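Below is one structure, written out as structure tokens, with a few remarks after it.
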Amino acid sequence: MAVGVVHDFNSVLTGVLASLEGAKSGIERVRAGAIADAERSAWKARELTAELMAVAVDRPEKREPLDLVELVRRSMKFALRGGCVRCVERFGDNIRPVEGSRNQIGRVIHNLALNARQAMPKGGTVRVEIVNAALRKSVGRGLSRGDYVRITLTDEGPGIRPESLGRIFEPFFTTKEGGSGLGLAVAAAIVKAHGGAITAGSGSGATFSVYLPARPPALKPAP
């Protein structure tokens, strides 16, 4: 990861320095273009820093009971705003709360929604579902038996190639031009730190399911 970070930041800083050199030009058209390029590079550096901060999930951060319906709706709206991708919701009844960091779980949903948006550059629909899920036996990706809340996002993009499916959660692995390869890695790290896991599948589009441990039901006071 350290090598990947150094490589990405070197690329960004090289772009900034080259743009600043262009900004010294006395030609107004060249100067304006160079300043715009420098600004884009600076924003990319800021996004990379935000992802790296999010992956440091061992840092103490306030955890609280979360209403996933409200949090997912807000995160999806923010990630999809200004684009041509619409969101269709399907939420189960009596969704149980989970214990977690609002900022970190919000970033997980944001990253998955952004991934779906990028998979459909010409527009489409992303479907999000939230249901209570009781696992009666251990399954893949470290999910042990227990009660979870499952958040599933499905897009209408080209799907994930079989040779890439096993690597999509690796830091800096990306199949997208200009992608940092951190979005899914950060999401997986955050969910793992919360005692859950992310699974991925591919059919007519890509499907990601996030499993978060449900909070135990509140004990009723003794009569």
Side-chain angles (χ1 to χ4, degrees), residues 1 4-5 8 12 43-59 61 63 66 68-89 98 100-121 124-130 141-143 148-160 164-202 205-212:
M1 179 172 282
V5 171
D8 274 20
V12 171
W43 276 106
K44 186 173 181 179
R46 181 178 178 180
E47 291 171 1
L48 179 60
T49 302
E51 295 289 17
L52 292 173
M53 291 294 288
V55 83
V57 293
D58 57 336
R59 297 171 65 228
E61 187 160 333
R63 294 194 178 186
L66 300 177
L68 286 179
V69 170
E70 178 272 333
L71 182 57
V72 167
R73 276 180 172 152
R74 181 167 55 84
S75 300
M76 295 290 295
K77 182 178 180 180
F78 182 75
L80 301 179
R81 67 180 180 179
C84 50
V85 174
R86 71 186 187 103
C87 179
V88 173
E89 301 173 348
V98 302
S101 160
R102 179 174 297 275
N103 289 335
Q104 289 181 345
I105 299 301
R107 175 162 288 277
V108 169
I109 304 305
H110 180 274
N111 285 2
L112 293 178
L114 193 60
N115 191 72
R117 176 177 174 172
Q118 292 170 346
M120 300 181 289
T125 300
V126 57
R127 290 173 171 81
V128 57
E129 177 188 63
I130 307 177
R141 293 195 61 82
L143 281 171
Y148 295 84
V149 178
R150 186 184 71 215
I151 308 164
T152 302
L153 277 78
T154 303
D155 64 48
E156 296 177 333
I160 307 167
S164 300
L165 197 55
R167 300 190 60 195
I168 56 176
F169 296 113
E170 294 179 12
F172 298 102
F173 175 80
T174 182
T175 59
K176 300 172 184 175
E177 185 178 354
S180 69
L182 277 175
L184 293 179
V186 166
I190 290 173
V191 174
K192 182 179 180 181
H194 281 74
I198 298 183
T199 63
S202 182
T207 297
F208 291 90
S209 293
V210 177
Y211 291 81
L212 294 170

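Residues take their numbers from the sequence shown, with the count starting at 1. Computed from a prediction, not measured in an experiment: that's the story for all the values here.
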From [X] atom [atom1] to [Y] atom [atom2], the distance as rounded to the nearest 0.5 Å:
| X | Y | atom1 | atom2 | answer |
| --- | --- | --- | --- | --- |
| Leu114 | Arg107 | CG | CZ | 10.0 Å |
| Leu212 | Leu68 | CG | CG | 6.0 Å |
| Arg117 | Cys87 | CZ | SG | 12.5 Å |

Shortest non-hydrogen contact from [X] toward [Y]:
| X | Y | answer |
| --- | --- | --- |
| Arg127 | Glu156 | NH1-OE2, 3.3 Å |
| Ile130 | Val69 | CD1-CA, 4.0 Å |
| Gly201 | Ile160 | O-CD1, 4.2 Å |

* **Short side-chain to backbone donor-acceptor contact, Asp155 and Ala206, under 3.5 Å** => yes

* Asked: Which of these passes side-chain contact (heavy atoms from CB on, under 4.5 Å) with Val128: Ile109, Ile151, Leu112, Val88?
  ->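 Answer after filtering Ile109, Ile151, Leu112, Val88: Ile151.
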
* **Set of residues satisfying side-chain hydrogen bond (donor to acceptor under 3.5 Å, both in side chains) with respect to Thr125, sequence neighbours excluded** => Arg86

Pairs of donor and acceptor atoms involving the side chains of residues 187-198, under 3.5 Å and at least two apart or interchain, shall be tabulated with distances.
{"from": "His194", "atom 1": "ND1", "to": "Ile190", "atom 2": "O", "distance (Å)": "2.9"}
{"from": "His194", "atom 1": "NE2", "to": "Ser101", "atom 2": "N", "distance (Å)": "3.1"}

* To do: Kindly write out the residues that satisfy salt bridge (Lys or Arg N to Asp or Glu O under 4.0 Å) with Arg74, not counting sequence neighbours, or none if the list is empty.
  => Glu70

* **Those residues that, when tested against Glu129, pass salt bridge (Lys or Arg N to Asp or Glu O under 4.0 Å) (two or more places apart)** =>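 Only Arg90, Arg150 meet the salt bridge (Lys or Arg N to Asp or Glu O under 4.0 Å) criterion with Glu129.
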
Side-chain polar contacts of residues 76-84 - donor-acceptor pairs under 3.5 angstrom, sequence neighbours left out - could you list them?
none

* To do: Could you tell me whether the side chain of Asn111 reaches within less than 4.5 Å of the side chain of Phe208, counting heavy atoms only?
  => no

* Quick one: does Val210's side chain get under 4.5 Å of Ile105's, heavy atoms only? -> no

